[in-house]
Amino acid sequence: MKVVVTGCAGLIGSHLVDNLLENNFEVIGIDDLSFGRKINLTKAESNPNFRLIEGDCKAISNILIGKNYDAILHLASIKKPWGNKLSSNYVLDENIDMTREIIKYCLSNNTFLLFTSTSDVYGNSKNFYRRKRI
């Protein structure tokens with residue numbers, strides 16, 4: 001089975017890649033390395049069934065042009081405002097645009113999509129709202 005993992009160089013993404021490779025999947029990893037680190041892929045990069053593409057997931061149609069994959073496991077996200085991109089609107093817009101492009105690719109290529117998120121969407125609050133159990 002051939003799969004794509006977006007956000008492959010992050011903590012969760014890199015462990016997912018390692019697990020998929022251990023189960024004989026062919027894995028293409030896409031990461032722009034803005035938060036993920038290449039060192040997280042040390043084990044994967046020694047596997048001939050893995051290929052890293054350093055790039056922006058919003059360009060997924062160009063990155064994967066002419067290739068068919070069984071699934072995209074979408075873990076990539078911009079987690080917080082950083083650098084000169086200090087607006088929360090920027091973070092939301094980028095994540096929406098990225099996910100929209102991945103969905104378009106999946107629909108036009110009949111590719112299964114697994115979309116996940118990150119706990120960072122909740123921010124760094126010390127006091128999370130907790131619902132009372134009934």
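Not measured: the values here are computed from a predicted model. The chain is numbered in sequence order, starting from 1. The figures here come from the full heavy-atom set of this structure, side chains too, leaving out hydrogens, waters and symmetry mates.
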Any donor and acceptor pair, going by atom type alone, linking the side chain of Asn95 with main-chain N or O of Ser77 inside 3.5 Å? no
For Gly55 and Ile30 the tightest heavy-atom approach is O-CG2, 3.8 Å
Joint cluster assignment, Met1 & Leu21, ILVMFWY side-chain distance < 4.5 Å: yes
Checking Arg100 now: which residues fulfil salt bridge (Lys or Arg N to Asp or Glu O under 4.0 Å) with it, not counting sequence neighbours? Asp97
Is there a side-chain contact between Tyr105 and Thr111, using heavy atoms and a 4.5 Å cut-off? yes
Which atom pairs, donor and acceptor, lie under 3.5 Å between side-chain atoms of residues 59-67 and protein residues at least two apart or in another chain?
none

For Phe25 and Asn49, work out which heavy atoms get closest and say how close. O-CB, 3.6 Å
In Å, rounded to the nearest 0.5 Å, how long is the span from NZ of Lys58 to OG1 of Thr99? 11.0 Å
Tell me every residue that passes salt bridge (Lys or Arg N to Asp or Glu O under 4.0 Å) with Glu26, counting only those two or more places apart in sequence or in another chain. none
Contacts of Asp32 that satisfy side-chain hydrogen bond (donor to acceptor under 3.5 Å, both in side chains) - sequence neighbours left out: Ser34
Kindly give the heavy-atom pair with the smallest separation between Ala9 and Asp31, and that separation in Å. N-OD2, 2.9 Å
The reported gap from CG in Asn40 to CD1 in Ile12 (rounded to nearest 0.5 angstrom) is 11.5 Å
Sequence neighbours excluded, which residues qualify as side-chain hydrogen bond (donor to acceptor under 3.5 Å, both in side chains) partners of Lys104? Glu101
Side-chain contact, heavy-atom cut-off 4.5 Å: Ile102 with Phe115? no
So how far is it from Ile103 CD1 to Ile72 CD1, rounded to the nearest 0.5 Å? 10.5 Å
Leu114: what forms a side chain to side chain contact (heavy atoms under 4.5 Å, CB included) with it, not counting sequence neighbours? Leu73, Phe112, Thr116
Determine yes or no for a side-chain-to-main-chain donor-acceptor pair under 3.5 angstrom, with Asp70 supplying the side chain and Lys2 the backbone. yes
Applying side chain to side chain contact (heavy atoms under 4.5 Å, CB included) to Ile39 and Thr42, what does each step give before you reach the verdict? CA-CA 5 Å; Ile39 195 165; Thr42 302; 3.9 Å; yes
Tightest non-hydrogen contact, residues Gly7 and Ala76, listed as N-CB, 3.5 Å
Pairs where residues 4-23 contributes a residue and the test side chain to side chain donor-acceptor pair (under 3.5 Å) is met, not counting sequence neighbours: Thr6-His74, Asn19-Asn23, Glu22-Lys43
For Glu54, salt bridge (Lys or Arg N to Asp or Glu O under 4.0 Å) partners two or more places apart: Lys38
